[in-house]
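Below you'll find the structure, written out as structure tokens, and then a few comments.
These numbers come from a predicted model, not from an experiment. Atom set for the values below is all heavy atoms of this structure, side chains included, hydrogens, waters and symmetry mates excluded.
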Amino acid sequence: MCEYCGCQSLDAIDTLTREHDEVVRLISHLRPALEEDGPAGMAEVAREIARVLGPHTEVEEHGLFPAMAGDFPDQIAALEAEHRRIEAVLDEAADGVTPADPTWPDRLTAAMALLRDHILKEQDGVFPAALAHLGTEEWEAVDAARAVAGTALSRPAV
């Protein structure tokens, strides 16, 4: 993902970016999973994507997005609506369930295309804008949201 503005020098943005990177990596496993194990394989990968996105989305929606909504209300509302659309498809595979709907693999593929575009909007728009617009108090709110949400990622090697 991007490295041009320096926003990844902030731990909050670095973790969100690493979560994006992991989600993109997992998305690349969907087609092979479908070819090898059918919808059940896709459902397994979908659950892993949801596991990474859960805390990620919580940090965005309870920390970063509220801080940005005053300056960018329409953009933040659109990103939150995309979260709901993506979650709705991923949730169909929750709790070890393989969706019986024969259209689910295609709907998951479409949702993951939306997610990849969504990630680019955040990486190239929201994160650099946050670096420019947010103050210490807002970054503390983002850090507090992360403290509650945690992350599905292991800590990076130092």
Give the intermediate values and the outcome of salt bridge (Lys or Arg N to Asp or Glu O under 4.0 Å) for residues E61 and R84. CA-CA 11 Å; E61 293 191 355; R84 300 293 82 77; 3.0 Å; yes
In sequence, state the C-alpha distance, the side-chain angles, and the governing distance for W104 and T98, and then conclude on side chain to side chain contact (heavy atoms under 4.5 Å, CB included). CA-CA 9 Å; W104 182 77; T98 298; 5.8 Å; no
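When the side chain to side chain donor-acceptor pair (under 3.5 Å) test is applied to T103, the partners found at least two apart in sequence or on another chain are D101, R107. For A149, the side chain to side chain contact (heavy atoms under 4.5 Å, CB included) partners at least two apart in sequence or on another chain are P55, E58, V59. Considering only residues two or more places apart in sequence or on other chains, D106 meets the salt bridge (charged side-chain N to carboxylate O under 4.0 Å, His left out) condition with none of them. By the salt bridge (charged side-chain N to carboxylate O under 4.0 Å, His left out) test, R116 is found to be paired with no residue, residues two or more places apart in sequence or in another chain being considered. The salt bridge (charged side-chain N to carboxylate O under 4.0 Å, His left out) test applied to E140 returns no partner, not counting sequence neighbours. The salt bridge (charged side-chain N to carboxylate O under 4.0 Å, His left out) search around E138 returns none, not counting sequence neighbours. Considering only residues two or more places apart in sequence or on other chains, H83 meets the ring pair (Phe, Tyr, Trp, His ring centres under 6.0 Å) condition with F65, H118.
Taking a cutoff of 4.0 Å between a charged side-chain nitrogen and a carboxylate oxygen, K121 and E60 do not qualify as a salt bridge. With respect to D14 and R18, a salt bridge is recorded, a charged nitrogen being found less than 4.0 Å from a carboxylate O.
Rounding to the nearest 0.5 Å gives a distance of 6.5 Å between CG of L30 and OG1 of T109. Atoms CD1 and CG, from I86 and L108 in turn, are 10.5 Å apart once rounded to the nearest 0.5 Å. In this structure, the separation between CG on L64 and CZ on F127 is 6.5 Å, given to the nearest 0.5 Å. Atoms CD1 and CG, on I119 and L53 in that order, are 7.0 Å from each other to the nearest 0.5 Å.
In terms of heavy-atom proximity, G70 sits nearest to P73 at O-CD, 4.0 Å.
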Tell me which donor-acceptor pairs under 3.5 Å the side chains of residues 43-52 have, and how far apart each pair is, sequence neighbours excluded?
| residue | atom | partner | partner atom | Å |
| --- | --- | --- | --- | --- |
| R47 | NH1 | A93 | O | 2.8 |
| R47 | NH1 | V97 | O | 3.1 |
| E48 | OE1 | R51 | NE | 3.2 |
| E48 | OE2 | R51 | NE | 2.9 |
| E48 | OE2 | R51 | NH2 | 2.4 |
| R51 | NH1 | A152 | O | 3.2 |

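Applying the side chain to side chain donor-acceptor pair (under 3.5 Å) test to residues at least two apart or on different chains, none of the pairs has a partner in residues 64-79. Identified under the ring pair (Phe, Tyr, Trp, His ring centres under 6.0 Å) test for residues 128-147, with sequence neighbours left out: F72-H133. Residue pairs meeting the salt bridge (Lys or Arg N to Asp or Glu O under 4.0 Å) criterion with at least one partner in residues 24-43, sequence neighbours excluded, are E22-R25. Among residue pairs with one or both ends in residues 26-62, those qualifying as ring pair (Phe, Tyr, Trp, His ring centres under 6.0 Å) are H20-H56; sequence neighbours excluded.
Between R146 and D11, the closest side-chain pair of non-hydrogen atoms is not below 4.5 Å.
The only member of L114, L115, D117 that meets side chain to side chain contact (heavy atoms under 4.5 Å, CB included) when paired with E82 is L114.
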